[in-house]
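First the structure, in the form of structure tokens, and then the observations on it.
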Amino acid sequence: MIIKRYLFPILLLISVCFAASACSGGDLLYDIEIRPNVISPNADGTDDVSELSYTLSREAYIDIYLLDEAGNRYDYRVDKLRSKGVRTAYFSGVIDGNLLADGVYTVVFEATDNKGRTDREEAQIELIDGDTAQIEIQGLSIYPTEFTPNRDGINDRITISYSLNKEAEVVDVYLLGEDGTKYPVPEDEIREMGSVGAHQHDYDGGVDLGAQPPDDGTYTVVVEAQDAVGTKDRAEGQVTISGGGIPMVEIVNAAAVFSSEIFAVGDTLTFTCTVKNIGTVPVRTTGPESGTTYSMLENFNSLEQYEEAGVFRVGLDYEGNSAGRQYPFRWQLGTEEELTPVEVNGETEWYLMPDQTVTVVGHLILDVEPVTTEPYFWIGLIQEQVEIVQDKVEATKISIGF
């Protein structure tokens, strides 16, 4: 009788434990629910997304995958660690950037705890009226495939072109380094980002804004696009950066020496200055060579030494200049004997190398009466079609008798 008296409560307690799954063991994965279980993934705002809800009784690794009617498997979540409690995943019909075809699918939930115990549950979902058009990035083109972002006016930038077959919600264009670093490319130049049709991006490595470009090397050019449904596409190409860097040149001490401050009409004014490449990249320059003589009626165009984007020259300007352009008299940074010739696109270009110093001498015949007897003259360092690097250096009042 005593044994029976105590045995009954023990059996009752065991029975309650199993019924409530509250003792050691019990269900790992339960309360599976799909809301709604019919979706139309077409970005119309109605039943585009379903909630895949489940509950874990303890921390576990979760796999969620879909099986179509032919038994093909589509992994949605793979080996994801989740904590105890109610969990929800949102499913739009897209897996790995591709929209599944309309049809009935079995959604399989599998959970495995830290001791290797596994639980599995299944439910069904149906896809109807899905958007049949996958987004595509078409005709990716990169030109040139090697460039030198150093603002010398030659191969300083690349053009990245492609087309989108449908409207995209998100477009990302960037260079990807071997170390995984992303370098963003500026927005489209010809069409609103994400719109259907041709797109074109201009990339200069950031040097136009004074930023240091990515290090020399080979990079992957990546274009990624995603539409409103969630389908994705990615296109890749390659580009090589060489000789990249910000050009840095200075007139040393911001100083120049004029041969005199008093001249008669017809005399020759001479200035002398020292220029140094204080940067890490060669800088391009062009004639006329240091030592060339101008008359007041000439300018660099009349000497057929036309302005070129990116080149550095020292210029001479004066008060009352009526030429219509600043620094009408310009000189190369040094002589060809001092500079380094480089063959670029079949042409010989001349470069002042890093840490190199040259003397620039300019002559100007004062053969035209000035608007005032004591105009100011000054020199400047110009990077043509980019900026005046140093302006009005050594402004000096010159007395001209006539």
Between Arg77 and Glu110, is the closest basic N to carboxylate O distance under 4.0 Å? no

Working note: Glu136 + Lys166, criterion salt bridge (charged side-chain N to carboxylate O under 4.0 Å, His left out); need CA distance, chi angles, decisive distance, verdict. CA-CA 7 Å; Glu136 294 180 5; Lys166 64 181 298 191; over 6 Å; no

So, Thr359 side chain and Thr274 main chain: donor-acceptor pair closer than 3.5 Å or not? no

Run the salt bridge (charged side-chain N to carboxylate O under 4.0 Å, His left out) test on Glu307 and Arg330 for me, step by step, so that the C-alpha distance in whole Å, both residues' side-chain angles and the decisive distance to 0.1 Å come before the verdict. CA-CA 10 Å; Glu307 192 170 79; Arg330 300 182 185 182; 3.0 Å; yes

Of all heavy-atom pairs between Val207 and Asp204, which one has the smallest distance, and what is that distance? CG2-O, 3.3 Å

Is it true that the NZ or CZ of Arg87 lies under 6.0 Å from the centre of Tyr54's six-membered ring and within 45 degrees of the ring axis? no

Report yes if the distance between the aromatic ring centroids of Trp378 and Phe258 is under 6.0 Å, otherwise no. no

Are any of the side-chain nitrogens in Glu224 or Arg234 under 4.0 Å away from the carboxylate oxygens of its partner? yes

Mind checking whether Tyr74 and Tyr105 have parallel, tilted or perpendicular rings, split at 30° and 60°? perpendicular

Do the side chains of Tyr294 and Phe300 get nearer than 4.5 Å, heavy atoms only? yes

For the side chain of Asn253 and the backbone of Ala255, is there at least one donor-acceptor N/O pair under 3.5 Å apart? no

Ignoring hydrogens, what is the shortest heavy-atom contact between Gln200 and Asp188? Give both atom names and the distance. O-OD1, 2.8 Å

With a 6.0 Å cut-off on the ring centroids, do His363 and Phe271 count as close? no

What one should report as the nearest heavy-atom pair of Ile400 and Val265 is CG2-CG2, 3.9 Å

Residues Lys80 and Asp63 bridged, charged N to O under 4.0 Å: no

Thr88 and Ser53 have their tightest heavy-atom pair at OG1-OG, 4.1 Å

Taking NZ, NE, NH1 and NH2 as the nitrogens, is one of them in Arg157 or Asp208 under 4.0 Å from a carboxylate oxygen of the other? yes

How close do Tyr183 and Gly177 get, counting heavy atoms only, and between which atoms? CE1-N, 4.4 Å

Under a 4.0 Å threshold between the charged nitrogen and the carboxylate oxygen, would Glu308 count as salt-bridged to Arg284? yes

Heavy-atom check, side chain of Leu164 versus side chain of Val171, under 4.5 Å: yes

Do Phe91 and Tyr76 have their ring centres less than 6.0 Å from each other? yes

Quick one, Arg117 and Thr112 - any side-chain contact, counting heavy atoms below 4.5 Å? no

Ion pair check, Glu59 and Arg82, cut-off under 4.0 Å: no

